[in-house]
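Residue indices begin at 1 and follow the sequence shown. This structure is a prediction, so every number in the text was calculated from the model and none was measured.
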Amino acid sequence: MTSVRTQVQVRQTDMIRPTTQITGSGKDGNHSNDVIDKFVLYLKSNNLKMNLFLSFLFLVACAHLSLIIHTHSIYSVNSDPNDFVSEGNIDYYHIEDAELAWQGAVQLDLMNWDEMGKLHLVVAHCDNDLEWLNTFSRGRMKGRKRTIESVTVYSKCGIEPTGLPKYANVTKLDNVGRCDHSYSYFMNQVVANDSGKYGDNDVVFFVKDNPYQARKGHWRRFNDMIAQATLNGFSCALRPDYYLNMRDMRPSVFHFWDLTKTFNYKKMYERRGGLQLQDNGKWALNGDGKNTKTDEDETFTSNFENLEAWTDFIGFEAQKPFHPVCYGGVFATTISRIRNRAPLWTKIEKSLSRADNLEEGHFAERSWATLLMKPLSTDGIKLIDEKLDDAACKNYHHVHKSQYFSDRCGTLLYDRTLTDEWKK
């Protein structure tokens with residue numbers, strides 16, 4: 001097992017990046033010192049004893065100016081969460097509890113429920129009844145306990161949604177891009193057409209119409225997701241340790257970017273002869289879940305080499321060395337986090353409009369948390385680094401788990417079965 005900690009420590013030196021210092025013509029590049037030296041020589045040559053007091057004041061002023069220039073030229077301050085140059089005034093991911101931070105969760109006692117904004121549901125619908133959403137939201141969608149302000153449904157398979165409240169807004173869209181396209185469509189519309197309906201603190205749940213993972217107990221609780229989205233900007237419904245056989249390895253929501261960035265489905269696609277393993281349902285290539293070659297298979301692979309190529313094309317960078325990933329396509333975030341990424345949504349929506357089942361959708365799935373979650377501070381990065389044992393990928397040494405990590409490349413692991421001696 002090879003640890004990534006050594007690589008991580010090297011990359012941490014990039015968290016604060018030096019900027020170009022102000023230089024002049026002097027030997028040491030200090031322009032203010034050159035000015036002082038020339039002025040002193042001028043005084044000596046002209047024997048201006050009567051101006052000693054004024055000269056003293058001038059020297060004090062120059063020294064003060066030199067200190068200001070030096071202080072402000074060493075480090076730049078940038079409040080953009082996508083550029084991790086300085087701590088600045090950025091609102092960072094909560095790390096008060098190391099174990100919860102590792103999982104993408106947060107202490108609930110940090111949540112001020114009185115300051116919570118309104119709640120909204122965005123549903124990517126194909127063919128499932130949506131009555132289960134009221135149970136998932138703990139009765140918040142209907143009746144006297146209703147606290148959900150709006151339900152927006154994007155229906156793509158030509159089937160009328162059922163099980164919805166009367167106030168739900170249903171929009172029919174072309175069957176492209178699956179749930180990820182529906183989410184980016186909403187985000188793009190919020191930015192372009194918001195007329196005061198949404199407040200910055202409002203929490204939006206993005207949900208697929210299939211609740212099978214929720215029924216198996218793999219999702220977080222609705223109220224926990226509200227708190228996590230409010231405090232950290234983002235909450236993934238699917239817990240990182242949902243897979244029973246992985247719980248001893250304690251997978252994290254955070255991934256090692258140098259591995260995750262290499263993700264694509266091209267080799268797997270080619271190995272199956274152009275056939276895709278499909279889930280049952282209208283969005284599968286056929287209803288029985290068998291491999292069947294159709295024209296849709298020809299459109300799956302993209303022109304992007306991997307995840308990194310797609311993020312470069314869209315125009316954003318993942319935090320390094322660790323970035324969060326949310327699998328499963330169900331998450332919550334706040335309106336303010338959506339607005340912070342306003343320039344990107346049109347391009348993402350367009351990228352996900354190429355076909356129904358497409359590789360770019362898997363790139364988007366691995367990017368939602370990176371785009372919307374608050375960034376780790378330098379202390380947060382150190383905390384994650386100190387906790388991890390390894391970052392798994394398709395060549396992971398556990399044979400029966402290598403397939404699991406083939407499309408979860410870069411997952412950080414804290415293996416509770418390892419002895420302290422082996423961890424060294």
Side-chain angles (χ1 to χ4, degrees), residues 122-128 130 153-159 161 171-188 206-213 236-238 260 262-311 313-314 325-331 345-371 394 403-409:
V122 174
V123 185
H125 176 262
C126 182
D127 62 348
N128 282 294
L130 300 175
V153 180
Y154 295 116
S155 186
K156 293 185 173 182
C157 299
I159 299 175
T171 301
K172 294 181 180 180
L173 297 178
D174 292 337
N175 192 10
V176 295
R178 307 209 171 179
C179 65
D180 300 289
H181 171 268
S182 299
Y183 301 162
S184 63
Y185 181 88
F186 174 86
M187 293 178 188
N188 198 23
F206 294 88
V207 186
K208 296 189 291 187
D209 68 351
N210 193 332
Y212 78 96
Q213 289 176 327
C236 185
L238 189 64
T260 312
T262 66
F263 165 80
N264 65 53
Y265 268 138
K266 291 177 175 60
K267 288 185 179 180
M268 185 181 300
Y269 181 84
E270 293 169 0
R271 188 165 58 248
R272 293 172 178 167
L275 304 181
Q276 293 298 301
L277 293 177
Q278 299 296 329
D279 297 326
N280 291 331
K282 297 291 185 181
W283 270 342
L285 293 186
N286 65 14
D288 59 11
K290 295 180 180 178
N291 289 330
T292 302
K293 181 124 179 165
T294 72
D295 292 339
E296 186 177 0
D297 289 303
E298 305 299 334
T299 66
F300 176 77
T301 55
S302 69
N303 292 326
F304 301 102
E305 179 183 359
N306 51 33
L307 173 61
E308 183 180 38
W310 185 78
T311 60
F313 170 76
I314 297 298
V325 176
C326 175
Y327 297 106
V330 179
F331 57 87
W345 302 131
T346 299
K347 201 165 188 178
I348 292 177
E349 180 192 341
K350 185 176 181 179
S351 175
L352 298 173
S353 301
R354 181 177 62 80
D356 171 21
N357 184 23
L358 70 174
E359 190 177 25
E360 292 93 325
H362 297 277
F363 295 152
E365 179 186 14
R366 286 154 180 78
S367 300
W368 292 123
T370 295
L371 286 164
K394 55 190 174 184
Q403 179 60 40
Y404 175 86
F405 289 118
S406 64
D407 61 352
R408 296 170 180 82
C409 193

Exercise. Would you verify whether the NZ or CZ of Arg366 falls within 45 degrees of the ring axis of Tyr327 while also being under 6.0 Å from that six-membered ring's centre?
Key: no
Practice problem: Heavy atoms only: give me the nearest Cys409-Thr260 pair and the separation to one decimal. | Solution: O-OG1, 3.0 Å
Quiz item: Got Leu371 and Ile348 here, is their nearest side-chain heavy-atom distance under 4.5 Å?
Solution: yes
Quiz item: Under a 4.0 Å N-O cut-off, is there an ion pair linking Arg178 with Asp356?
Solution: yes
Quiz item: Atom CG in Asn188, atom OG1 in Thr346: separation rounded to 0.5 Å?
Solution: 3.5 Å
Quiz item: Which residues satisfy the side-chain hydrogen bond (donor to acceptor under 3.5 Å, both in side chains) test with Trp345, sequence neighbours excluded?
Solution: none
Practice problem: Decide yes or no on side chain to side chain contact (heavy atoms under 4.5 Å, CB included) for Val123 and Leu130, but give the supporting numbers first. | Solution: CA-CA 9 Å; Val123 185; Leu130 300 175; 4.0 Å; yes
Self-check item: Short side-chain to backbone donor-acceptor contact, Arg354 and Thr299, under 3.5 Å
Solution: yes
Quiz item: Hey, which of Asp209, Leu173, Val207 is the one that makes side-chain contact (heavy atoms from CB on, under 4.5 Å) with His125?
Solution: Asp209
Quiz item: Between Asn175 and Cys157, which heavy-atom pair has the shortest distance, and what is it?
Solution: ND2-SG, 4.3 Å
Exercise. Could you tell me whether His362 and Tyr265 have their ring centroids closer than 6.0 angstrom?
Key: yes
Self-check item: Phe206 vs Cys179, side chain to side chain contact (heavy atoms under 4.5 Å, CB included): CA-CA, chis, key distance, verdict
Solution: CA-CA 9 Å; Phe206 294 88; Cys179 65; over 6 Å; no
Quiz item: For the ring pair Tyr183 and Tyr154, is the centre-to-centre distance below 6.0 Å?
Solution: no
Exercise. Could you tell me whether the side chain of Leu307 reaches within less than 4.5 Å of the side chain of Asn264, counting heavy atoms only?
Key: no
Quiz item: Could you give the distance from CD1 (Ile159) to CG (Asp127), rounded to the nearest 0.5 Å?
Solution: 5.0 Å
Quiz item: Can you name the nearest heavy-atom pair linking Gly361 to Asp180, along with the distance?
Solution: O-OD2, 3.3 Å
Practice problem: Starting at CH2 of Trp368, measure out to SG of Cys326 and round the result to the nearest 0.5 Å. | Solution: 11.0 Å
Practice problem: For side chain to side chain contact (heavy atoms under 4.5 Å, CB included), just list the numbers for Lys156 and Cys126, CA-CA rounded to whole Å, side-chain angles, deciding distance to a tenth of an Å, and then say yes or no. | Solution: CA-CA 6 Å; Lys156 293 185 173 182; Cys126 182; over 6 Å; no
Quiz prompt | Side-chain heavy atoms of Val122 within contact of Ser182, under 4.5 Å | solution = no
Quiz item: For Ser351 and Ile314, what are the C-alpha separation, side-chain angles and deciding distance, and is it a side chain to side chain contact (heavy atoms under 4.5 Å, CB included)?
Solution: CA-CA 8 Å; Ser351 175; Ile314 297 298; 4.2 Å; yes
Quiz item: Where do Phe300 and Glu360 come nearest, in terms of heavy atoms and distance?
Solution: O-OE1, 4.4 Å
